[in-house]
Amino acid sequence: MRLSPFASVKLTIILMTLIALSVLVGAWCPQEPQVGFQRVEEVFGTGMAASLRRLGITDLFHTPFFLGLIGMITLNMVACSVQRVFPKARLLKKQMVFLSEHEIGRFPNSLDVRLNCPAVEALESLGSELKKQGFLVEIKDGKLKAERAKLAILASTVTHIGLLSLLVGVTITSWTGFSGFKPVAPGGFLNFDNSEHSKLWIGSPPRWKVRVESTHREDYENGEAKQWYSKLSVIGTNGKVLKQQEISVNTPLSFDGVDVYQSSWGLDSIEISVNGHTLHLPLRQMGNANVALMQLDKQTTLIFSLRGQDKPLRIFAKIPGWQQPRMLTEVPQGGKARIGEAALGYIKPMPVTGLQYKADPGLPITYAAFAIITLGVVMAAIPYRQVWGQAIDGSSGVSRLHIAGISKKSRTTFQRNLEKILARLKARFGEPAAGELEARPADNT
Amino acid sequence: MSEFQTVLINTAGVLSIVSFWFFVGSNALPKRQDWLIKTGNIILFVGFAALSSAIIARGIESNRFPLSNLYESLLWFAWSVIGGYLLISRSYGLKQLGWLASMTAATFFLYGSWLPAGQHEIKPLAPALVSYWRQIHVPPLIMSYAMFFIAGLSAFVQLWKTTRLRSMLLALAALAAGIAAIALGTFTDMNSFVLQGLFVGGSLSGLAGAWVNLPQQSTKKINQEHAELYEEVVYRSIMIGFPLLTIGIITGGLWANHSWGSYWSWDPKESMALATWVGYAAYIHLRIHHECSAEKLSLVAVTGMLLTMLTYLGFNSLGFGGLHSYGRFR
């Protein structure tokens with residue numbers, strides 16, 4: 001069969017090299033879709049970041065160059081699979097043939113040994129040694145053939161089927177799946193109207209939505225986060241609750257082909273009262289604390305610091321002339337304090353849960369592909385081994401045993417193994433003195 | 001960390017250094033070579049047993065699977081290098097890999113011991129790491145890295161056995177540049193771009209020089225049998241490491257999908273692991289289809305070793321960010 005130019009292994013190597021280099025560049029430069037352009041500017045500075053953006057490096061994995069490489073390697077893989085790899089499966093049907101002494105002798109690793117036993121016994125002992133090592137052995141007319149792990153021939157076929165299945169799974173997801181992220185406060189809703197999807201999308205977002213009933217954080221004794229939890233309700237178009245579940249990191253909610261994940265968690269704001277008026281102050285992360293600012297008068301800025309959802313609110317004041325803010329008081333949730341003319345009350349913190357969601361219709365195929373690829377690469381590590389032998393009777397119950405074998409993946413250990421088997425046979429039967437075999441009948445094979 | 005653990009880890013570290021000198025001695029005393037190598041292997045095996053006990057003890061003490069930060073991963077890496085070497089040595093009876101493997105294990109013990117004390121302490125896990133996926137995803141990766149290191153070390157010996165001394169030295173210079181960048185990145189505050197430049201620039205120039213100089217051979221006679229043996233060890237090590245890396249990447253994808261809703265995010269660590277995977281896939285294609293000589297394949301294996309080093313240690317020490325920052329300590 002004439003091979004297509006796309007079925008070239010050289011092309012595979014060139015494309016793999018280019019892909020590996022591109023991926024490394026993509027790993028080096030923070031990618032805009034993941035971290036935003038601001039992060040790229042932080043790392044490289046404004047001028048350099050702009051240059052990298054012009055070159056497409058800040059979103060390298062969506063550039064025509066990279067997508068072209070993926071397209072090319074897909075074509076290459078399909079061509080190689082059809083023309084080179086899949087035809088190898090036919091080898092599975094191919095039966096080993098028995099080889100004669102002369103044919104065995106042509107192998108570079110052929111071995112022969114003289115034994116003090118008849119040929120039948122020598123061959124049966126060899127067969128029995130090979131069987132112990134998992135070989136399938138067949139003996140006929142003084143000749144032996146044996147093979148082990150024949151299925152390993154299919155390693156590349158299985159791996160390529162897995163890789164092609166992966167492409168199918170990813171394509172289905174790309175055309176019909178969607179994903180997104182939304183921070184939601186308790187009582188708020190997550191819907192899928194602004195979800196992200198590919199340009200060639202033919203799917204539709206669900207009409208139901210998710211309500212966040214409550215959310216909280218669990219800490220270790222030292223105050224570090226141990227786990228985040230959110231209690232969610234799935235609300236149908238008629239307003240009915242269709243499902244309820246508490247999610248946490250690593251325990252998502254699954255409903256109607258959509259998975260909702262606990263992705264992040266934070267304190268969004270605090271609700272306080274000042275002289276009877278309720279206020280919501282947004283919180284900002286500063287070190288280990290969440291901080292809100294409020295201008296009390298022209299001179300005084302109040303700083304509210306909250307270290308956790310269940311922790312008391314610490315209130316600091318800063319006025320010009322003070323080098324550092326001074327702590328005024330600490331108020332537990334529901335507590336009150338008087339600061340100058342103002343009566344302050346700490347009502348509650350307002351947490352926000354970061355919900356990641358996605359629908360991935362190609363996932364079953366992708367997972368199956370993962371399993372097939374794993375099977376293929378594990379099979380590739382197992383060496384397929386073949387052994388041929390022939391034993392020829394000499395005079396006075398003496399025989400000469402010839403053996404050889406093939407193992408492309410581990411020649412040395414295989415050869416040593418054959419040598420060890422012959423050494424065991426020699427130890428068992430003993431070697432005849434030189435010359436005893438010369439009287440054997442002429443070999444006519 | 002308990003006293004018992006410290007004693008076990010120190011024992012393993014010291015024994016890897018002692019075995020190194022036995023292996024080195026086997027080259028100096030050819031008449032006693034077999035005895036010295038056998039003794040070196042026994043000492044290394046005792047060190048392996050001590051390290052295995054230390055890892056188990058750490059797991060019991062922390063009440064979790066003991067693989068959650070850089071220090072613990074270094075212990076696993078040293079364990080895998082020693083275990084991988086002992087396994088391969090049993091099949092192949094190698095004479096020149098012992099000192100390289102024991103030196104690598106000892107280097108990683110030292111690297112681990114020099115990390116800040118906070119790394120040695122048993123600390124609570126970050127929320128994202130509280131999952132059974134951690135023990136499924138991380139060990140195959142660390143073991144694959146160890147097998148790729150063994151492959152890279154064997155590749156150096158293969159180049160030496162085929163008398164490509166100039167190429168071997170240049171490849172060694174590439175490795176030294178990579179190690180220097182990682183060491184400086186770990187223990188100093190040097191600028192990340194300088195470190196990245198040292199790693200990439202040093203690696204590329206060293207490897208390019210090694211490639212160009214491959215036709216240059218010394219006048220020493222080639223030991224063809226040994227050269228073929230070490231070439232086979234490179235291939236076998238990669239054929240063990242490659243499925244482990246594949247399993248590690250795939251289980252990482254499954255974990256990420258389970259936790260974050262996406263099995264692939266083009267995170268720097270994911271991307272580097274993919275580049276490493278593609279690099280070794282290229283090696284396997286080149287080897288199976290006989291596209292290049294054994295010496296060129298050895299240089300591809302050394303390139304793979306550098307990619308592995310970048311993925312495993314470079315990620316943290318050369319200033320890459322992303323979702324896999326658990327191993328960072330500064």
Side-chain angles (χ1 to χ4, degrees), chain A residues 9-10 12-13 16-17 19-24 26-28 30-31 33-35 39 43 60-61 156 179 218 220-222 224-228 248-252 259-263 265 356-358 360 363 366-367 370-371 373-374 376-378 380-381 383 408-413 416, chain B residues 91-93 123-128 130-133 192 196 200 228-229 232-233 235-236 239-240 242-243 245-247 250-251 253-255 257-272 274-279 281-282 284-286 288-289 291 307 310 315 320-322:
Chain A
V9 177
K10 280 197 175 73
T12 312
I13 302 297
M16 280 179 165
T17 309
I19 287 172
L21 289 173
S22 308
V23 168
L24 283 175
W28 166 72
Q31 296 295 293
Q34 275 78 46
V35 295
R39 173 74 189 139
V43 174
L60 193 138
F61 302 117
S156 54
S179 64
E218 188 185 348
Y220 288 109
E221 281 179 8
N222 65 1
E224 284 181 32
K226 183 179 183 184
Q227 189 55 276
W228 304 315
S248 58
V249 178
N250 293 318
T251 315
D259 297 314
V260 181
Y261 299 84
Q262 178 75 62
S263 168
W265 195 92
Q356 182 92 32
Y357 61 89
K358 71 115 206 287
D360 192 347
L363 197 65
T366 306
Y367 275 18
F370 283 166
I373 293 168
T374 306
V377 294
V378 169
K408 286 181 185 169
K409 288 176 189 165
S410 61
R411 274 173 300 173
T412 310
T413 44
R416 284 180 184 173
Chain B
S91 304
Y92 289 92
K123 285 187 171 174
L125 296 172
V130 184
S131 169
Y132 59 88
W133 280 105
S192 295
Q196 290 166 7
V200 176
E228 280 176 20
L229 183 68
E232 194 176 310
V233 172
Y235 179 56
R236 286 302 291 159
M239 290 310 286
I240 296 169
F242 191 68
L245 179 65
T246 311
I247 291 168
I250 285 176
T251 52
L254 298 178
W255 184 7
N257 191 46
H258 191 66
S259 307
W260 299 320
S262 169
Y263 45 80
W264 197 260
S265 317
W266 292 114
D267 179 61
K269 186 105 172 176
E270 287 175 2
S271 300
M272 286 179 188
L274 177 66
T276 307
W277 189 88
V278 172
I284 292 167
H285 280 81
L286 286 167
I288 289 174
H289 294 278
E291 292 282 343
L307 277 172
L310 185 66
F315 170 77
F320 295 90

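Naming convention: chains lettered A, B, ... in sequence-line order (proteins, then strands); numbering from 1 in each chain. Note that this is a predicted model, so its numbers are computed, not measured.
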Tell me, for [X] versus chain B, whether the close heavy atoms (under 4.5 Å) come from the side chain, the backbone, both or neither.
{"X": "D259(A)", "value": "neither"}
{"X": "Q227(A)", "value": "both"}
{"X": "F61(A)", "value": "side chain"}
{"X": "S263(A)", "value": "neither"}
{"X": "E218(A)", "value": "neither"}
{"X": "S248(A)", "value": "neither"}
{"X": "L21(A)", "value": "neither"}
{"X": "K409(A)", "value": "both"}
{"X": "T412(A)", "value": "both"}
{"X": "W265(A)", "value": "neither"}
{"X": "V43(A)", "value": "both"}
{"X": "Y367(A)", "value": "side chain"}

Where do K358(A) and L363(A) come nearest, in terms of heavy atoms and distance?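 Heavy atoms of K358(A) and L363(A) come nearest at NZ-CD2, 4.4 Å.
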Identify which one of I250(B), T246(B), I247(B) satisfies the side chain to side chain contact (heavy atoms under 4.5 Å, CB included) criterion when paired with F370(A).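 Only one of I250(B), T246(B), I247(B) forms a side chain to side chain contact (heavy atoms under 4.5 Å, CB included) with F370(A), namely I250(B).
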Under 4.5 Å heavy-atom distance to chain A, tell me which part of [X] shows up: side chain, backbone, both or neither.
{"X": "Y235(B)", "value": "side chain"}
{"X": "S91(B)", "value": "both"}
{"X": "Y263(B)", "value": "side chain"}
{"X": "L307(B)", "value": "side chain"}

No-hydrogen, no-angle side-chain donor-acceptor test under 3.5 Å, W133(B) and T251(B):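 Absent: no donor and acceptor within the cut-off.
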Ranked by heavy-atom pairs below 4.5 Å to chain A, first place among S192(B), G279(B), S131(B) goes to S131(B)
Pick from L254(B), T276(B), L286(B): which one has the most heavy-atom pairs with chain A under 4.5 Å?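 The residue among L254(B), T276(B), L286(B) with the greatest pair count is L254(B).
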Q356(A) and V260(A), any side-chain heavy atoms less than 4.5 Å apart: no
Mind checking whether Y220(A) and K123(B) have side chains closer than 4.5 Å, heavy atoms only?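 Side chain of Y220(A) against side chain of K123(B), heavy atoms only: no contact under 4.5 Å found.
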Given Q31(A) and L60(A), is the side-chain contact (heavy atoms from CB on, under 4.5 Å) satisfied, shown in steps? CA-CA 7 Å; Q31(A) 296 295 293; L60(A) 193 138; 3.8 Å; yes
